[in-house]
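Here the structure is laid out as structure tokens; the discussion comes afterwards.
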Amino acid sequence: MDILRGLASVPDSFAETGTVVTIGVFDGVHRGHQLLISKAVETARGAAAPCVVMTFDPHPVTIFAPEHAPRALMPLEERARHIADLGVDALLVIDLRQEIGGLTPAQYMNEVLVDTLHAKHVLVGENFTFGRDAVGTATTMAQLGERAGVDVSVVTLLGDGDVRICSTAIRDHLSGGDVDLATDFMGRPFSVIAPIERGAGRGGKELGYPTANQYASDTAAVPADGVYAGWLTIIDDGGIHGDMEPGVRYPAAISVGTNPTFGDARRSVESFVLDRDADLYGRMARVEFVEKVRDMLKFNSVDELLEHMSRDVSRTRDILGA
């Protein structure tokens, strides 16, 4: 999949073939996003045209209403990876601070979709908005498409029972520590991606449970404080000193939160990789959350902490079959 940064990077070849376009932030690339993008890919194959996903970075809300900006479910690089897996030909990344943010809906259709992307067909979700002050709706897009000779399909939002599958619902589940439902809505375990940094050093030296510590960005979504069973994968290249390899998922007991027992105020994701011993400092890791083991507790003694950590590891083994 080609990644195009800005409208100026759109290739001239699109004028010859035309394109099939779908538009959205697609934060989380959840099951609803997957449905919309897969329909666009299917339509593109039938039209013998490339499928283009147009997305936005940063999130538009962080620009126009930063006080209401949602926490990101995944960085752009992860969005791109999952979108590519759906068979998309090109990902067009738009920064609304630099282009198209002030366009009216009609200008959006004519200048972006017709003149630049040469869209034959556009697919959007039923809650889609666009144009200056987000005044355009999916219905507006369909009306403008009819005038411009562009087919427009409005895709019904995917639901799970009475609940609409959306990024907001996933964030709500994560904030409550319900990673099971977040996983169901996303179609994969929710993950945090960040470099592994040095912590206080107590885990290995004092407790016998060395952890890989990550400090996610303040703008990134993280599950509620507690202990979880999950997987850790080193996702950058290069050998690892120890008995782990890049690209391999290893079972881990994961603690999210501050360290109340030791008075550590920084909120972190700390992963104890089961049955492995490796130097992971400075490596980029993906940590996937499978199931919550327990809430975060403050212990009265180190012995009490160690007793619970032993239980956490045993429970993690049971959950993951490790």
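- Put simply, the side chain of Arg286 reaches to within 4.5 Å of the side chain of Glu78, judged on heavy atoms.
- The side-chain contact (heavy atoms from CB on, under 4.5 Å) test applied to Val290 returns Trp231, Ile319, Leu320, not counting sequence neighbours.
- Taking 4.5 Å as the limit, some side-chain heavy atom of Gln143 sits within range of a side-chain heavy atom of Thr139.
- Within a 6.0 Å sphere centred on CD of Glu42, heavy atoms belonging to other residues, nucleotides or ligands number 12 at most.
- Under the 6.0 Å distance and 45° angle rule, Arg198 counts as a cation-pi partner of Tyr281.
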Take Val256 and Val222, measure what side chain to side chain contact (heavy atoms under 4.5 Å, CB included) needs, and give me the verdict at the end.
CA-CA 8 Å; Val256 177; Val222 176; 3.6 Å; yes
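- The structure places CG of Leu96 at 5.0 Å from CD1 of Ile63, a figure rounded to the nearest 0.5 Å.
- Side-chain atoms of Thr19 come within 3.5 Å of backbone atoms of Leu117 as a donor-acceptor pair (strictly under, hydrogens ignored).
- No single ILVMFWY cluster, assembled from side-chain heavy atoms under 4.5 Å apart, contains both Tyr209 and Val293.
- Rounding to the nearest 0.5 angstrom, the gap separating the CZ atom in Phe190 from the OG1 atom in Thr183 is 9.5 Å.
- Closest non-hydrogen pair, Gly282 versus Asp236, comes out as O-OD2, 4.3 Å.
- Between His59 and Pro70 the shortest side-chain heavy-atom distance falls below 4.5 Å.
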Salt bridge (Lys or Arg N to Asp or Glu O under 4.0 Å) between Asp218 and Arg267: does it pass, once the steps are laid out?
CA-CA 10 Å; Asp218 291 340; Arg267 192 160 187 257; over 6 Å; no
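- Side-chain contact between Thr211 and Ser255 is absent, with no heavy atoms from C-beta onward closer than 4.5 Å.
- Under the 4.5 Å side-chain heavy-atom criterion for ILVMFWY residues, no single connected hydrophobic cluster contains both Leu113 and Val93.
- For Glu146, the CD atom counts as loosely surrounded, since its 6.0 Å shell holds 12 or fewer non-hydrogen atoms of other residues, nucleotides or ligands.
- In this structure, NZ on Lys292 lies 8.5 Å from CG on Asp225, to the nearest 0.5 angstrom.
- If you take CG on Asp89 and CG on Asp2, they are separated by 8.0 Å, rounding to the nearest 0.5 Å.
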So Asp151 and Lys120, side chain to side chain contact (heavy atoms under 4.5 Å, CB included) or not? Walk me through it.
CA-CA 6 Å; Asp151 291 331; Lys120 295 180 176 180; over 6 Å; no
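- Ile23 and Leu123 are not part of a single hydrophobic cluster, where members link through side-chain heavy atoms under 4.5 Å apart.
- At least one donor-acceptor pair under 3.5 Å links the side chain of Ser9 to the backbone N or O of Arg5.
- The pair Arg315-Glu291 meets the salt-bridge criterion, with a side-chain N (NZ, NE, NH1 or NH2) lying under 4.0 Å from an Asp/Glu carboxylate O.
- You'll find the side chain of Leu103 stays beyond 4.5 Å of the side chain of Arg132, heavy atoms only.
- Environment of CG in Asp279: crowded, with over 12 heavy atoms of neighbouring residues, nucleotides or ligands closer than 6.0 Å.
- To the nearest 0.5 Å, atom OG1 of residue Thr116 and atom CD1 of residue Ile100 are 10.0 Å apart.
- Smallest separation of non-hydrogen atoms from Ser191 and Phe289: CA-CD1, 4.5 Å.
- Partners of Glu304 according to the side-chain contact (heavy atoms from CB on, under 4.5 Å) rule, which considers only residues two or more places apart in sequence or in another chain, are Phe299, Asn300, Ser301, His308.
- Using a 4.0 Å cut-off between a side-chain N of Lys or Arg and a carboxylate O of Asp or Glu, Arg97 and Asp57 do not qualify as a salt bridge.
- Judged purely by atom type and a 3.5 angstrom limit, Asp178 has no side-chain atom pairing as donor or acceptor with the backbone of Leu174.
- Nearest heavy atoms, Glu126 versus Leu157: OE2-N, 2.8 Å.
- With Val53 as reference, Leu91 is the one residue of Val20, Leu92, Leu91 to meet the side-chain contact (heavy atoms from CB on, under 4.5 Å) rule.
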Met54 and Ile94: side chain to side chain contact (heavy atoms under 4.5 Å, CB included), yes or no, with the steps?
CA-CA 7 Å; Met54 189 166 90; Ile94 297 293; 3.9 Å; yes
Side chains of residues 25-41: which donor-acceptor partners sit under 3.5 Å, not counting sequence neighbours?
from, atom 1, to, atom 2, distance (Å)
Asp27, OD1, Leu73, N, 3.0
Asp27, OD1, Met74, N, 3.3
Asp27, OD2, Leu73, N, 2.9
Asp27, OD2, Arg171, NH2, 2.7
His30, ND1, Gly32, N, 3.0
His30, ND1, His33, N, 3.3
His30, NE2, His33, NE2, 3.1
Arg31, NH1, Asp184, O, 3.0
His33, ND1, Val29, N, 3.4
His33, ND1, His30, N, 3.2
Gln34, NE2, Val29, O, 2.9
Gln34, NE2, Met186, O, 3.0
Ser38, OG, Gln34, O, 2.7

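- Here the side chains of Met244 and Leu280 are in contact, with some heavy-atom distance below 4.5 Å.
- With a 6.0 Å radius and a threshold of 12 heavy atoms from other residues, nucleotides or ligands, Arg45 has its CZ atom above the threshold.
- The two atoms that bring Gly131 and Tyr108 nearest to each other are N-CD1, 3.9 Å, heavy atoms only.
- With contacts defined as side-chain heavy-atom distances shorter than 4.5 Å, the pair Pro246/Arg283 qualifies.
- When all heavy atoms of Ala252 and Thr316 are compared, the closest pair comes out as O-CG2, 3.5 Å.
- Between Arg311 and Glu307 there is a salt bridge, since at least one side-chain N of the basic residue sits less than 4.0 Å from a carboxylate O of the acidic one.
- Follow the hydrophobic side-chain contacts under 4.5 Å out from Leu7 and you reach Phe130 in the same cluster.
- Criterion: ILVMFWY side-chain heavy atoms under 4.5 Å apart, direct or through other members. Under it, Val248 and Ile240 are part of a common hydrophobic cluster.
- In this model, no donor atom of one side chain and acceptor atom of the other lie less than 3.5 Å apart for Arg71 and Thr219.
- A donor-acceptor pair under 3.5 Å is formed between the side chain of Thr55 and the backbone N or O of Gly24.
- Taking SG of Cys51 as the start and CE of Met1 as the end, the distance is 10.0 Å to the nearest 0.5 Å.
- Taking all atoms of both residues into account, the shortest heavy-atom contact from Gly177 to Ala224 is N-CB, 3.5 Å.
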Given Glu288 and Arg188, is the salt bridge (Lys or Arg N to Asp or Glu O under 4.0 Å) satisfied, shown in steps?
CA-CA 9 Å; Glu288 300 169 90; Arg188 76 185 79 84; over 6 Å; no
Going through the distances and angles, do Val227 and Ile254 end up as a side chain to side chain contact (heavy atoms under 4.5 Å, CB included)?
CA-CA 5 Å; Val227 177; Ile254 308 159; over 6 Å; no
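- A 4.5 Å side-chain heavy-atom check between Val150 and His121 finds every atom pair outside the cut-off.
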